[in-house]
Amino acid sequence: MSVRVNLLRPEEIKQQNSVNREAMLRMAGMVGGAALAAAVIFLFFQYRSVIGGFSRAQKDFAAIETDYNRVNAMQESSSLNLQYVTELESWTSSRIRWDESLFAIQSLVPTNIQLTRMSLHGEIKASSAAPPKDDEPVTPARLFTLRLEGKAKGDLSDQDVIRFVGGIGLDESLESWLAKVNLVGLQLAPHAGASGNGQSERTFRLNATSGERLMR
Amino acid sequence: MNIQNLSKEHKQYFALGGIVVITSIFAVGNFVLMPMKAKWTNARTEFEALRSNVVQARRMVKNERNIQAKLAESNNVLQRAAGEFLPDTYNPLSWATQKMYTQSRIVGVEIASVSEVGGPILLQAQTKDGHRAFGSYSVRVITECSFEQLKALVHAMEESNPYLSITGLTVDSRQNKPDEHSINMVIEWPICLNTIAIEKFAEKKEVNHG
């Protein structure tokens, strides 16, 4: 069994409470006042700093404003020019150098094949590729189709035509633009053998198409 | 001092004092401190923006030589394009005909005709916003020549103008003259459609010609 004995006299307890409360109130008042004063002083200096800084920055800007306006106008012109230059470059990058392709096709034609017609069709249309951003317009793109028609002499000329088509598909000069090459027709010429040396003759048609050449 | 011991009059004074203090705090807070705070915040935001502008302006001014060089470079490209490679906006067929005949004479090909295909057109994909400055201008060229001459003509044209594109070509062999072919060719150039750019380029052209 334990017994708690309070040895303090009641007046001592009262005195201690009274002193502590007053001291705490005084202390809180002083701290609060000091904090308020510090806050006011801090805000005042901040305000002065902002106002002073603002006025200094205005002076600084005024000092370089003429130069800035001149350089800014140059920058804007430069950006606009760059847009035009980029657009023009897209005309160059999307074209096909047909001089190189004509050389390449000519070099691929075997001696027993004669091209009778060559037709090329190029057009600019909206690319099927999604635009970079939803709100941007569709990018235009060039698309080329080359159609070759010809005749091949020889009993095994069908093999030569197929090799010729394969050669077009594998040629290094043409592969820069060629997406697909298809033989679309190969048939025995009806008059073959009648007028010549008895060799059969075949006519053929093939289509070579480019991929989309974007004009970004 | 105990509030219980105060007279009614004193209590009323205290209550009135309390109300005045609270009202004053409210009034000062609402009508003085809050507007000051808002003004201060605005001033601070403006100050930050101005300071950032000053920094950016200084950087830009410091970078003037670089910007000037880029502008000069792009001006040169556009001036050259306007002067040499792009059709004259006001008389494109005349320009194209002259170019075609010049190139064909170099390679010894006689051109039978040059005619406009549809006139200057906006690219279909560009009509939505029209922000592009260049449309397409095409002419049809009809001639007769050998395949070797055709290759030389195409090479000469493509070499002479980086923006030119051959977008149509039909080569038909002729029964009576196996070495001669009927050629039907469509040549395309970008043409300036932006009115501001047209005026700008026209000025550049005049400067170049002047």
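Below, chains carry the letters A, B, ... as their sequence lines are ordered, and counting in each starts from 1.
Taking 4.0 Å as the cut-off between side-chain N and carboxylate O, B:E64 and A:R70 count as a salt-bridged pair. A salt bridge between A:D60 and B:R58 is present, with a side-chain N of the basic residue lying under 4.0 Å from a carboxylate O of the acidic one.
Separating the SG atom in B:C192 from the CD atom in A:E87 is a distance of 8.5 Å, to the nearest 0.5 Å. In this structure, the separation between CG on A:L115 and CG on B:D172 is 12.0 Å, given to the nearest 0.5 Å. Here the CD atom belonging to A:Q75 is positioned 8.0 Å from the CG atom belonging to B:N63, to the nearest 0.5 angstrom. How far OH of A:Y68 is from CG of B:N53: 6.0 Å, rounded to the nearest 0.5 Å. Rounding to the nearest 0.5 Å gives a distance of 6.0 Å between CG of A:N81 and CG of B:L71.
If you measure heavy-atom distances from A:N72 to chain B, the contacts under 4.5 Å come from both the backbone and the side chain. Of the atoms belonging to B:E73, not a single heavy atom falls under 4.5 Å from chain A. Contact annotation for B:N161: only backbone heavy atoms (N, CA, C, O) come within less than 4.5 Å of a heavy atom of chain A. A:F144 touches chain B through its side chain: at least one heavy atom from C-beta onward sits under 4.5 Å away, while N, CA, C and O do not. Only the backbone of A:I96 comes within less than 4.5 Å of a heavy atom in chain B; its side chain stays farther off. For chain B, no part of A:R147 is nearby; none of its heavy atoms comes within less than 4.5 Å. Only the side chain of B:V77 comes within contact range of chain A, judged by heavy atoms closer than 4.5 Å. Contact of A:E65 with chain B is not made at all, since no heavy-atom distance falls under 4.5 Å.
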Any chance you could lay out the side-chain contact (heavy atoms from CB on, under 4.5 Å) test for A:S90 and B:Y163, step after step, and finish with the verdict?
CA-CA 9 Å; A:S90 78; B:Y163 311 119; over 6 Å; no
Output, in order, the C-alpha distance, side-chain angles, deciding distance and verdict of side-chain contact (heavy atoms from CB on, under 4.5 Å) for A:I124 and B:E188.
CA-CA 11 Å; A:I124 297 174; B:E188 184 183 64; 3.7 Å; yes
B:F134/A:Y84 under side-chain contact (heavy atoms from CB on, under 4.5 Å): CA gap, chis, key distance, verdict
CA-CA 8 Å; B:F134 301 97; A:Y84 293 149; 4.2 Å; yes
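Residues of residues 22-31 of chain B lying under 4.5 angstrom from chain A, judged on non-hydrogen atoms, do not exist. Chain A is approached within less than 4.5 Å, heavy atom to heavy atom, by B:F147, B:E148, B:L150, B:K151, B:V154, B:H155 from residues 144-155 of chain B, ordered by number.
Chosen from A:L102, A:V85, A:T145, A:L88, the residue pairing most often with chain B at heavy-atom distances under 4.5 Å is A:L88. By number of non-hydrogen pairs under 4.5 angstrom with chain A, the leading residue of B:Q68, B:M36, B:R51 is B:Q68. Of the listed residues A:R97, A:R142, A:H121, A:Q58, the one with more heavy-atom pairs under 4.5 angstrom with chain B than any other is A:R97.
Side-chain contact between A:E100 and B:E158 is absent, with no heavy-atom pair separated by less than 4.5 Å.
Across all non-hydrogen atoms, the minimal contact from A:T92 to B:P162 is OG1-O, 3.0 Å. For B:V61 against A:V71, the heavy-atom pair with the smallest separation is CA-CG2, 4.3 Å.
Looking at B:S173, its side chain does come within 3.5 Å of a backbone N or O of A:T116 through a donor-acceptor pair.
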